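Everything numeric in this text was worked out from a predicted model, so none of it was measured. Numbers for residues simply follow the sequence, beginning at 1.
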Amino acid sequence: VAISFALLGKKVVLVGLDIRKPRLAELFEIDDHHHGITNLLIKDNITWDDVNKQIVNSGVNSNLDLLMAGPVPPNPGELVTRKSLEETMDILKEHYDYIIIDTPPTLGSLTINALCASASVIIPIQCEFYAMEGLAQILNTIKVVKETINKKLKIKGFLPTMYSAQNNLSK
């Protein structure tokens, strides 16, 4: 999704908020585990200069930047609850057309805080039975976040993954 927007000429930053098990660097074949969002989450009063020092270009398209996870902290769940996540997102909004947050595939504090900081969500869903069961949980979580913390949060859509035309559940 991020690459598609970048190819359309939009300025995009892909944020790796899966700070327990970071994978963006691997996916983009970047050998850098020193720059990333964890370096920002520990700070107070974040500036664009602070954020910009942590951003790397994807190497895929000049419009696509990465704010990878960075060094794995000892207590990632606690780190992401700081106000610095919201500050970082506010700064990114000033410089990018799209901010795409890659969260862990679980409903922990990292994902919930990402929902609190987001305007919308696209839900990737694997085309299999147990993923459908988990869908009810994420929909309920989004409903609670929308009712209590982030009234602007909208579901933009669902992104089926691992689709197989031979599989009835995929259809």
**Prompt:** Are Leu66 and Phe28 side-chain neighbours, meaning at least one heavy-atom pair lies under 4.5 Å?
**Reply:** yes

**Asked** Are Val60 and Ile100 joined in one hydrophobic group, where the rule is that I, L, V, M, F, W and Y side chains link up if heavy atoms are under 4.5 Å apart?
**Response** yes

**Asked** Once you round to the nearest 0.5 Å, how far does CG of Asp31 lie from NE2 of His33?
**Response** 5.5 Å

**Selection residues 152-165 - residue pairs positive for salt bridge (Lys or Arg N to Asp or Glu O under 4.0 Å), sequence neighbours left out** = none

**Complete:** When rounded to the nearest 0.5 Å, the distance separating NZ of Lys146 from CD1 of Ile155 is 8.0 Å

**Request:** Using the side chain to side chain contact (heavy atoms under 4.5 Å, CB included) rule, take Val144 and Ile149 through it: C-alpha gap first, then chi angles, then the decisive distance, then the call.
**Result:** CA-CA 8 Å; Val144 170; Ile149 300 167; over 6 Å; no

**Asked** Yes or no on salt bridge (Lys or Arg N to Asp or Glu O under 4.0 Å) for Asp102 and Arg23, after CA distance, side-chain angles and deciding distance?
**Response** CA-CA 10 Å; Asp102 178 38; Arg23 299 236 12 244; over 6 Å; no

**Message:** Using the rule that Ile, Leu, Val, Met, Phe, Trp and Tyr join whenever any side-chain heavy atoms are under 4.5 Å apart, tell me whether Ile138 and Val1 fall into a single cluster.
**Reply:** no

**Asked** Taking atom CH2 of Trp48 and atom CD of Glu94, what is their separation to the nearest 0.5 Å?
**Response** 9.0 Å

**Asked** Going by heavy atoms in the side chains, are Gln54 and Ile37 under 4.5 Å from each other?
**Response** no

**Prompt:** Are any of the side-chain heavy atoms of Thr111 and Pro104 separated by less than 4.5 Å?
**Reply:** yes

**Request:** Indicate the atoms forming the closest heavy-atom contact of Ala114 with Leu17, along with that distance.
**Result:** CB-CD2, 3.7 Å

**Message:** When you compare the side chain of Ile142 with that of Val121, does any pair of heavy atoms fall below 4.5 Å?
**Reply:** yes

**Request:** Please tell me if the side chains of Ser58 and Leu14 come closer than 4.5 Å, counting only heavy atoms from C-beta onward.
**Result:** no

**Asked** Taking side chain as C-beta onward, heavy atoms only, is Leu67 less than 4.5 Å from Val56?
**Response** no

**Prompt:** Hey, what do you get for OG1 (Thr38) to CE (Met68), rounding to the nearest 0.5 Å?
**Reply:** 10.0 Å

**Message:** Restricting to side chain to side chain contact (heavy atoms under 4.5 Å, CB included), what partner residues turn up for Ile112, sequence neighbours left out?
**Reply:** Cys116, Thr141, Val145

**Request:** Decide salt bridge (Lys or Arg N to Asp or Glu O under 4.0 Å) for Lys93 and Asp90; before the verdict, give the C-alpha distance in whole Å, the side-chain angles of both, and the deciding distance to 0.1 Å.
**Result:** CA-CA 5 Å; Lys93 288 175 189 174; Asp90 287 343; 3.7 Å; yes

**Minimal non-hydrogen separation, Lys151 against Glu147, with atom names** = NZ-O, 3.0 Å

**Message:** Please find the pair of heavy atoms, one from Ile19 and one from Gly16, that lie closest to each other, and give the distance.
**Reply:** CG2-O, 3.9 Å

**Message:** So Asn63 and Asp97, do their side chains get closer than 4.5 Å, heavy atoms only?
**Reply:** no

**Message:** On a heavy-atom basis, which atom in Asn61 and which in Ala6 lie closest, and how many Å separate them?
**Reply:** OD1-O, 3.8 Å

**Asked** Do Leu85 and Val13 belong to the same hydrophobic cluster, where Ile, Leu, Val, Met, Phe, Trp and Tyr are linked whenever their side-chain heavy atoms lie under 4.5 Å apart, directly or via other members?
**Response** yes

**Asked** Got a donor-acceptor contact below 3.5 angstrom from the Asn113 side chain to the Ser109 backbone?
**Response** yes

**Distance (rounded to the nearest 0.5 Å) between Ser84 OG and Met89 CE** = 10.0 Å

**Message:** Checking Thr161 against Ile125 for the side chain to side chain contact (heavy atoms under 4.5 Å, CB included) test, could you report, in this order, the C-alpha distance in whole Å, the side-chain angles of both residues, the deciding distance, and whether it holds?
**Reply:** CA-CA 6 Å; Thr161 63; Ile125 183 161; 6.0 Å; no

**Prompt:** Mind checking whether Leu7 and Ile99 sit in one hydrophobic cluster, side chains of I, L, V, M, F, W, Y counted as touching below 4.5 Å?
**Reply:** no

**Asked** Hey, any chance Leu40 and Leu92 share a hydrophobic cluster, counting ILVMFWY side chains that come within less than 4.5 Å of each other, even indirectly?
**Response** yes

**Intermediate values then yes/no, side chain to side chain contact (heavy atoms under 4.5 Å, CB included), Ser118 and Ile101** = CA-CA 8 Å; Ser118 298; Ile101 305 172; 3.7 Å; yes

**Request:** Applying side chain to side chain contact (heavy atoms under 4.5 Å, CB included), run through Tyr96 and Asp65 and close with a yes or a no.
**Result:** CA-CA 9 Å; Tyr96 291 92; Asp65 290 333; 2.7 Å; yes

**Fill in**
CG (Leu8) and OH (Tyr98) are apart, to the nearest 0.5 Å, by 8.5 Å

**Message:** So Asn39 and His34, do their side chains get closer than 4.5 Å, heavy atoms only?
**Reply:** no

**Request:** Please list all pairs passing the salt bridge (Lys or Arg N to Asp or Glu O under 4.0 Å) test where one or both residues lie in residues 48-59, with sequence neighbours left out.
**Result:** Lys43-Asp50, Asp49-Lys53

